[in-house]
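Okay, structure first, notes after.
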Amino acid sequence: MREPVGLLLVGCGRISGAHVAALAGQEKQIRLVGVVDSDAETAGRMAAFHGVAGFVDLAEGLAAPGVDAVLIASPNSLHAAQAAMALAAGKHVLVEKPLAETGAQARELAATAERRGLVLAAGHTYRHNAAVSKLVDMMPQWGRLRAVEVSSCVFWDGPQAPWWATRQPEEGLIISLFAPHSLDFVQLVMGADDPLRVQVEAARWQPGWQGEDEAMILLGYPGRRMASVHISYNQASVFDRKVLHFAGGVAEIEDGEVLKWNGEVLVAPPEGVLANPRAMGGRKLGHFFAQQLLGFAAAVRGEEHRLPTGHDAARLIDLIDRVKAAARRTCADAIDPDFAA
Ligand SMILES: NC(=O)c1ccc[n+]([C@@H]2O[C@H](COP(=O)([O-])OP(=O)(O)OC[C@H]3O[C@@H](n4cnc5c(N)ncnc54)[C@H](O)[C@@H]3O)[C@@H](O)[C@H]2O)c1
């Protein structure tokens, strides 16, 4: 009988609850064996609640018995260093998006993982739902893909975690925190190609942070294919839509969950998932996190999975570097008013 993958959770903040909840019922595949948080009270509370060992020090957590793999859900700026430590300790790693802050860091992680024969996976949660999986499986039958439009607009009234407020404009706010989901989708459907051209408009509407909170990204791919991505933290009525123009017709994913092909519904989620898709929290996302963890366990076992890993995962961070650089070039004055070129 094969053993379940023993998982160490690093960072017990907002999103950690979704991951831990998604482990329920998956104990034969993957199970929590320990938690790490630099805040001793948080680590202790989480450890006691789940009946596992708790640590404030990552090195101690990595040395604990039964740890095969690590899930990193700490603030973005820590991802690369913590993933490097976990790989050095011989552990497989799933890193919450973004994998790293720079493409160079991400590529170094991918090279280390490859050298050591370990899984380095990125947590692009939104690709793990039935609508996206079906779209990817059907695409070869729909003819040549010409253009992709993604809109992903939500409302966050100021920083959702303290570190959002202190991120500098050049580090990126929504481009680093939210764009990874949409850009991962674009990369998923564009396959092995990276864009030839990247153009960006970005702006800051809210005073509670320093980085951009609204952006439009235009990507030109080889073969005259193109993609547009609109992301916002300022849209009171949540709007989430993907439109793909193929030679054979138009595919749409509405509210992240409903796949249509030329207007015919191919995938709809079970009742209750889209309670009120126009409101924050009006979509139940637990099934994404569960599929992602099962996929990660499969990757660790060398089985088929849908997670972006290694160099593919790093390619996205290279793209985010390009998006950030384009925003600095074209519209820094709309983000940080004191900007002087
Ligand atoms: N997949 C998604 O849909 C999704 C959604 C939200 C957040 N995220 C990602 O998850 C990550 C965490 O975001 P969050 O909103 O939960 O942040 P958060 O600030 O609520 O949680 C981070 C936790 O990490 C802990 N921490 C800080 N320094 C640490 C260290 N050195 N070692 C261990 N723990 C440390 C903090 O004490 C805190 O408990 C981010 O990278 C974010 O981009 C992903």
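Whatever order the structure lists them in is the order used to number ligands and atoms, beginning at 1.
- Contact atoms of ligand 1 toward Tyr126: 3 (O) (distance under 4.0 Å to a heavy atom of the residue).
- Between Arg167 and Glu101 a salt bridge is recorded (basic side-chain N to carboxylate O distance below 4.0 Å).
- In this structure, Arg283 pairs ionically with Asp240, as a charged nitrogen and a carboxylate oxygen lie closer than 4.0 Å.
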Query raised in the report: Step by step, would you call Tyr126 with Asp184 a side chain to side chain contact (heavy atoms under 4.5 Å, CB included)?
Result: CA-CA 9 Å; Tyr126 287 76; Asp184 177 61; over 6 Å; no

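- Distance from atom 20 (O) of ligand 1 to its nearest protein heavy atom, with residue and atom name: Arg14 N, 2.9 Å.
- Phe289 and Ile72 are assigned to two separate hydrophobic clusters, defined by single-linkage of ILVMFWY side chains at heavy-atom distances under 4.5 Å.
- Atoms of ligand 1 lying under 4.0 Å from at least one heavy atom of His181, given by number and element, are 1 (N), 2 (C), 3 (O).
- Residue Glu96 has at least one N or O atom closer than 3.5 Å to an N or O atom of ligand 1.
- The protein atom (non-hydrogen) at minimum distance from atom 16 (O) of ligand 1 is Ile15 N, 2.9 Å.
- Residues Arg278 and Asp255 are paired through a salt bridge, judged by an N-O separation under 4.0 Å between the basic side chain and the carboxylate.
- Atom 19 (O) of ligand 1 has its closest protein heavy atom at Trp163 NE1, 2.9 Å.
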Report task. Start with the C-alpha distance between Arg315 and Asp312, add both sets of side-chain angles, then the distance that settles salt bridge (charged side-chain N to carboxylate O under 4.0 Å, His left out), and finish with yes or no. Result -> CA-CA 5 Å; Arg315 276 175 53 218; Asp312 270 342; 3.1 Å; yes

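- The protein heavy atom nearest to atom 38 (C) of ligand 1 is Asp37 OD2, 3.5 Å.
- Nearest non-hydrogen protein atom to atom 42 (C) of ligand 1 is Asn76 OD1, 3.7 Å.
- Which of Ala43, Ser176, Gly13, Gly123 comes nearest to atom 23 (C) of ligand 1 through a heavy atom is settled by distance: it is Gly13.
- In Gln160, neither the side chain nor the backbone holds a heavy atom less than 4.0 Å from any atom of ligand 1.
- Not a single heavy atom of Phe288 sits under 4.0 Å from any atom of ligand 1.
- A salt bridge between Lys260 and Glu254 is present, with a side-chain N of the basic residue lying under 4.0 Å from a carboxylate O of the acidic one.
- Scanning the protein heavy atoms around atom 11 (C) of ligand 1, the nearest turns out to be Ser74 O, 3.3 Å.
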Requested in this report: Please lay out, stage by stage, how Leu62 and Phe55 fare under the test side chain to side chain contact (heavy atoms under 4.5 Å, CB included).
Outcome: CA-CA 10 Å; Leu62 290 169; Phe55 307 90; over 6 Å; no

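- There is a path of hydrophobic side-chain contacts, each under 4.5 Å, that joins Ile320 to Leu173.
- Inspection of the Gln168 and Asp336 side chains reveals no N or O donor paired with an N or O acceptor under 3.5 Å.
- Of all atoms in ligand 1, numbered sequentially from 1 with element shown, those under 4.0 Å from a heavy atom of His79 are 41 (O).
- Close approach of ligand 1 to Ala161 is summarised as follows: ligand atoms under 4.0 Å from at least one heavy atom of the residue are 19 (O).
- For ligand 1, the atoms closer than 4.0 angstrom to any heavy atom of Leu78 are 28 (N), 29 (C), 30 (C), 31 (N).
- In this structure, Leu58 is not a member of the same hydrophobic cluster as Met46, with clusters built from ILVMFWY side-chain heavy atoms closer than 4.5 Å.
- In this structure, atom 35 (C) of ligand 1 lies nearest to the protein heavy atom Ser38 OG, 3.3 Å.
- Of the protein's non-hydrogen atoms, the one nearest atom 12 (C) of ligand 1 is Ala73 O, 3.3 Å.
- Using a 4.0 Å cut-off to heavy atoms of Cys12, the atoms of ligand 1 that qualify are 23 (C), 39 (O).
- The distance from ligand 1 to the heavy atoms of Lys97 drops below 4.0 Å at these ligand atoms: 4 (C), 8 (N), 9 (C), 41 (O), 42 (C), 43 (O), 44 (C).
- Heavy-atom contacts of Gln82 reach the following atoms of ligand 1: 30 (C), 31 (N), 32 (N), 33 (C) (cutoff under 4.0 Å).
- Glu149 and His230 are not linked by any side-chain donor-acceptor pair at a separation below 3.5 angstrom, with hydrogens and angles left out of the test.
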